[in-house]
Engineer: 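Handing you a structure now.
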Amino acid sequence: MTETDLTALVKRIQNILGCSKELAGVYAAGIGDTPVIEHGKIIVRNEEGHIIMRVPASVLEGA
């Protein structure tokens with residue numbers, strides 16, 4: 001994922017979830033380059049591999 005792609009993803013996460021830029025950045029990093037989608041939600045994992053959030057798959061639209 002390029003820096004431009006990451007920035008756009010952070011903005012989409014912020015808009016959809018209404019969270020801070022910092023938190024959206026954590027979620028974007030946890031999504032990574034190959035998102036895992038289950039039941040319309042993207043699984044967000046931390047550095048240890050634990051699920052920390054599930055975000056709507058719509059954050060990928062426009063990617």
Side-chain angles (χ1 to χ4, degrees):
M1 180 179 318
T2 68
E3 188 66 33
T4 303
D5 293 339
L6 182 61
T7 300
L9 179 57
V10 168
K11 287 181 183 181
R12 288 193 303 274
I13 292 171
Q14 276 186 279
N15 290 337
I16 290 173
L17 298 183
C19 63
S20 70
K21 183 177 182 179
E22 181 181 18
L23 185 56
V26 170
Y27 292 162
I31 290 171
D33 289 328
T34 52
V36 176
I37 302 172
E38 289 182 354
H39 309 290
K41 303 276 186 174
I42 302 168
I43 296 175
V44 181
R45 296 184 182 270
N46 65 10
E47 293 173 356
E48 291 82 33
H50 298 106
I51 296 172
I52 58 170
M53 181 67 169
R54 294 176 198 273
V55 299
S58 60
V59 299
L60 297 177
E61 292 175 8

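Positions are given from 1 along the sequence.
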Engineer: List the residues meeting salt bridge (Lys or Arg N to Asp or Glu O under 4.0 Å) with Glu22, not counting sequence neighbours, and say none if there are none.
Structural biologist: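 Expected list: none.
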Engineer: What's the spacing between Met53 CE and Ile31 CD1 if we round to 0.5 Å?
Structural biologist: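 If we round to the nearest 0.5 Å, Met53:CE and Ile31:CD1 are 10.0 Å apart.
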Engineer: To check you understand the geometry: which heavy-atom pair defines the closest contact between Gly30 and Val44, and what is its length?
Structural biologist: CA-CG1, 3.8 Å
Engineer: Does Val55 form a side chain to side chain contact (heavy atoms under 4.5 Å, CB included) with Leu17? I'd like the steps, not just the answer.
Structural biologist: CA-CA 8 Å; Val55 299; Leu17 298 183; 3.7 Å; yes
Engineer: Pairs in or reaching into residues 27-47: which pass side chain to side chain donor-acceptor pair (under 3.5 Å), with residues at least two apart or in two chains?
Structural biologist: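 Side chain to side chain donor-acceptor pair (under 3.5 Å) check on residues 27-47 returns Asn46-Glu48.
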Engineer: Could I get the full list of side chain to side chain donor-acceptor pair (under 3.5 Å) partners for Thr2, not counting sequence neighbours?
Structural biologist: Asp5
Engineer: Between Val10 and Gly25, which heavy-atom pair has the shortest distance, and what is it?
Structural biologist: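 Between these two residues, the closest heavy atoms are CG2-CA, 3.8 Å.
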Engineer: Rounded to the nearest 0.5 Å, what's the gap from CD on Gln14 to CG on Leu23? Could you check?
Structural biologist: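 Those atoms lie 9.5 Å apart.
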Engineer: With sequence neighbours excluded, tell me which residues meet side-chain contact (heavy atoms from CB on, under 4.5 Å) with Ala57.
Structural biologist: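 Applying side-chain contact (heavy atoms from CB on, under 4.5 Å) to Ala57 gives Ile37, Ile42.
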Engineer: When rounded to the nearest 0.5 angstrom, what distance separates CD1 in Ile13 from SG in Cys19?
Structural biologist: 7.0 Å
Engineer: Taking all atoms of both residues into account, what is the closest heavy-atom pair of Leu6 and Ala28, and its distance?
Structural biologist: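 Result for this residue pair: CD1-CB, 3.6 Å.
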Engineer: Indicate if Ile51 and Leu60 have the same hydrophobic cluster label, given that clusters are the connected sets of ILVMFWY residues with side-chain heavy-atom separations under 4.5 angstrom.
Structural biologist: no
Engineer: So how far is it from Thr7 OG1 to Arg12 CZ, rounded to the nearest 0.5 Å?
Structural biologist: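 Between atom OG1 of Thr7 and atom CZ of Arg12 there are 10.5 Å.
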